[in-house]
There are 2 protein chains.
Amino acid sequence: MTLPHPTTDQISLPLVLSVLGDPTRLAIVAHLAHREGGKGRMNCSQFLALGSKTNLSYHLAKLREAGVTRTEVVGTQRFLTLRREDLDQRFPGLLDSIVAGVEFAAIPKIEESVEMA
Amino acid sequence: MTLPHPTTDQISLPLVLSVLGDPTRLAIVAHLAHREGGKGRMNCSQFLALGSKTNLSYHLAKLREAGVTRTEVVGTQRFLTLRREDLDQRFPGLLDSIVAGVEFAAIPKIEESVEMA
DNA sequence: TCCTTAGTTCAAAGATTATTGAACAATTGA
DNA sequence: TCAATTGTTCAATAATCTTTGAACTAAGGA
């Protein structure tokens, strides 16, 4: 099963900016960026410190629809990643300058991914 | 007379992003960036192709309040400039990557500044 | 099969934002 | 002084966006 994602050239700058203009979504992106290349993918539940389950579903859909994140469906879980390469290609330097500007200390901590046996 | 502007350290990333997420405001910033260092300052009326006078007043106030632009009052006119140095200091690379991502061909042309005798 | 886990969808309510016209203020030039 | 220019403010409307709870689906494990 695959969720709808925009193609790289369908990613719109105003949409990306307005989507990242929301503090909850910016925090999600900051967490994803902070773990890039690291300890595995993140699922939606790990972001529960940032909002209710229903509300997260809403914000994560916004991020996906804007082309900021990719959502992989695995069983009952959705694994989230930043669309780093697509964003870098479409808007060079944008993601890095945004992530660098986030006051990481000011955003809620989230649950570490639980390594399963 | 001086209008209220945030100080450099009061400029907030989410606010800048959401303010620039609006197509009208992004177009204004693209025009300002396109003329940086060039043929003089721009006043509000030059942006009338982007919206009604009242509506522009609203959008230009948003840009100023977010710290994106500086508004100088000279007589009955307001001259607009990008707060390039403040933005570069606070969020290095952000303004450049945003301006570079604007499809300039797709935004309405505006009136050239009329050189006065 | 039954229960739990993970997350979505829907409809309603609440909160912000954007757009408009009418009225206004201030400066400038005739 | 009078009129034109430049732009703001206000109140109302329209349009969007966010948040919530209830109900739901789908996959996995006991």
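Within every chain, numbering begins at 1; the chains are lettered A, B, ... in the order of the sequence lines, protein sequences first and strands thereafter.
- Rounding to the nearest 0.5 Å gives a distance of 8.0 Å between CD of B:Q46 and CZ of B:F79.
- Phosphate proximity of D:dT19 to A:S52: absent, as no side-chain N or O sits under 4.0 Å from OP1 or OP2.
- Residues from residues 15-24 of chain A that place a heavy atom under 4.0 Å from any atom of DNA chain C: there are none.
- Side-chain nitrogen and oxygen atoms of B:H59 include at least one within less than 4.0 Å of the OP1 or OP2 phosphate oxygen of C:dT19.
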Contact string for nucleotides 23-30 of chain C, one letter per nucleotide 5' to 3', B = base within protein heavy-atom range under 4.0 Å, S = sugar-phosphate only, - = neither, reads ---BBS--
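- The CG-P distance, from B:L56 to D:dT9, rounds to 14 Å in whole Å.
- With hydrogens and angles disregarded, no donor-acceptor distance shorter than 3.5 Å links the side chain of A:R64 to the backbone of A:H5.
- As a whole-Å value, the separation of A:K62 NZ from D:dT18 P is 6 Å.
- At a threshold of 4.0 Å, the pair B:D22-B:K62 does not count as salt-bridged, since none of the basic side-chain nitrogens sits closer than that to a carboxylate oxygen.
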Residue pair B:D88, B:R83: steps toward the salt bridge (Lys or Arg N to Asp or Glu O under 4.0 Å) verdict:
CA-CA 8 Å; B:D88 282 353; B:R83 289 182 63 177; over 6 Å; no
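- Both B:L15 and A:L26 are assigned to one and the same hydrophobic cluster, defined by single-linkage of ILVMFWY side chains at heavy-atom distances under 4.5 Å.
- In this structure, A:R78 does not pair ionically with A:E72, as no charged nitrogen and carboxylate oxygen lie closer than 4.0 Å.
- Expressed to the nearest 0.5 Å, how far CG of B:L94 lies from CG of A:L17 amounts to 8.0 Å.
- At most 12 non-hydrogen atoms from other residues, nucleotides or ligands lie less than 6.0 angstrom from CD of B:E103.
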